[in-house]
Protein chains: 2
Amino acid sequence: MRGGRGMTIGHAAARSGVSAKMIRHYEAIGLIESERRANGYRSYGPQDVAVLRFIRHARDLAFPLEDIRKLLALWRDRSRASGEVKRLALAHVEALEEKAAALNAVAQSLRHLAQHCSGDDRPDCPIIEELEGKTA
Amino acid sequence: MRGGRGMTIGHAAARSGVSAKMIRHYEAIGLIESERRANGYRSYGPQDVAVLRFIRHARDLAFPLEDIRKLLALWRDRSRASGEVKRLALAHVEALEEKAAALNAVAQSLRHLAQHCSGDDRPDCPIIEELEGKTA
DNA sequence: GATCGGGTCTCCCATTATGGGAGGGTCAAG
DNA sequence: CTTGACCCTCCCATAATGGGAGACCCGATC
């Protein structure tokens, strides 16, 4: 399968945009599999590179690897129902938006505190006071 | 110093909102120090609890521990210039906002893809197509 | 005074995703 | 046959937090 004379991990890395280090890691956690040559070197075919690209794109979209595991299964299943894909994606979107909102809320309150911090050589600063718990 | 008969780590945890596990960790990384009783138990005074509260508030504001290390030094320095505090806070704010913006961008593009995914029992779904790299 | 419950001690491990580096094997070109 | 560029497998590190094991300490109850 996947061709007898595939490319080495370095080439697969270059063509997929996934580092060799990560390819080995993905194999270790069972996300992908790798053929081996007689000398022990991993060997990859174009199909494997496509899978790696899929993974990289999913990582670019901040999908956690466990989600990617499911997406790969759905991808491989030509007769998949798109409902599951959509459900997975929307759940992921909500998690992302929640995290972003939390970060923004924190940033905003901190920016507010900073606005009222003189920022000169005087020690007075509401940021420190907030951290002390005088207001919290 | 800090009183001969301080409270145990459990009490300090309860009063500061920092778990005992984390208190030990903060000590291990040199963020705080702990007195010891004859029996080896850690002992804390009100001043220590104040420090722990400070740390917890800073963590609530998503300050990394290394930033907190600097903030603690500034806090302890009564004659500190607030400029350094403000600089640290604003740098942190920018990092937070950047991260939030990145998450939002990803969420938005993924939500966009999901909108055009039928989400029924048909296999067609632009999310999968995107991950395949057909559009990326 | 023996026992029991709850708190504490120190270590080790796990998480998420990624990378660095050591020490050693393989191979092709010169 | 050496050199250089790969590849291999392990171990370690990151940031912050938690879980749990095995051992110890203490106060209270029977």
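By convention in this document, chain letters (A, B, ...) are assigned in the order of the sequence lines, proteins followed by strands, and residues within each chain are numbered from 1.
Between A:Gly10 and B:Lys21, the residue anchored nearer the 5' end of DNA chain D, judged by the nucleotide with its closest heavy atom, is A:Gly10.
If you take NZ of A:Lys99 and C1' of D:dA15, they are 13 Å apart, rounded to a whole angstrom. Between A:Glu35 atom CD and D:dC7 atom C1' there is a gap of 17 Å when expressed in whole angstrom units. At whole-Å resolution of the value, CD in B:Glu27 and C1' in C:dC9 are 11 Å apart. Summarising the geometry, the separation between CZ on B:Arg24 and P on D:dG19 is reported as 13 Å, rounded to the nearest angstrom. Taking atom CE of residue A:Met22 and atom C1' of nucleotide D:dT14, one finds them 12 Å apart after rounding to whole Å. B:Arg69 has its CZ atom 10 Å from the P atom of D:dA16, to the nearest Å. Computed from coordinates, the A:Glu66 CD to C:dA17 C1' distance equals 12 Å when rounded to whole Å. Rounded to whole Å, atom C1' of C:dT15 lies 16 Å from atom CG of A:Asp67.
Note on A:Thr8: every side-chain N or O is 4.0 Å or more away from OP1 and OP2 of D:dC6. Between A:Tyr26 and C:dA17, a side-chain N or O to OP1/OP2 separation shorter than 4.0 Å is absent. In this model, the phosphate group of C:dG19 is approached by a side-chain N or O of A:Ser19 to a distance below 4.0 Å at OP1 or OP2. Contact annotation: B:Asn39 side-chain N/O to C:dT8 OP1/OP2 distance is not under 4.0 Å. Phosphate proximity of C:dT10 to B:Arg36: present, with a side-chain N or O under 4.0 Å from OP1 or OP2. For the OP1/OP2 pair of C:dG25 and a distance below 4.0 Å, the side-chain nitrogens and oxygens of A:Tyr41 include no atom meeting the criterion.
Put simply, the side chain of A:Arg53 never gets that close to the backbone of B:Glu132: no donor and acceptor are under 3.5 Å apart. In this structure, B:His116 contributes its side chain and B:Ile127 its backbone to no donor-acceptor pair below 3.5 Å.
Residue contacts for B:Arg59: at a heavy-atom cut-off of 4.0 Å it reaches the sugar-phosphate backbone alone, with no base atom in range. Residue contacts shown for A:Arg42 are limited to sugar-phosphate atoms, with no base heavy atom under 4.0 Å away.
Taking 4.5 Å as the limit, some side-chain heavy atom of B:Ser109 sits within range of a side-chain heavy atom of A:Leu61. Side-chain contact between A:Val49 and A:Met7 is present, with at least one heavy-atom pair separated by less than 4.5 Å.
The two atoms that bring A:Leu65 and A:Ile29 nearest to each other are CD1-CD1, 3.9 Å, heavy atoms only.
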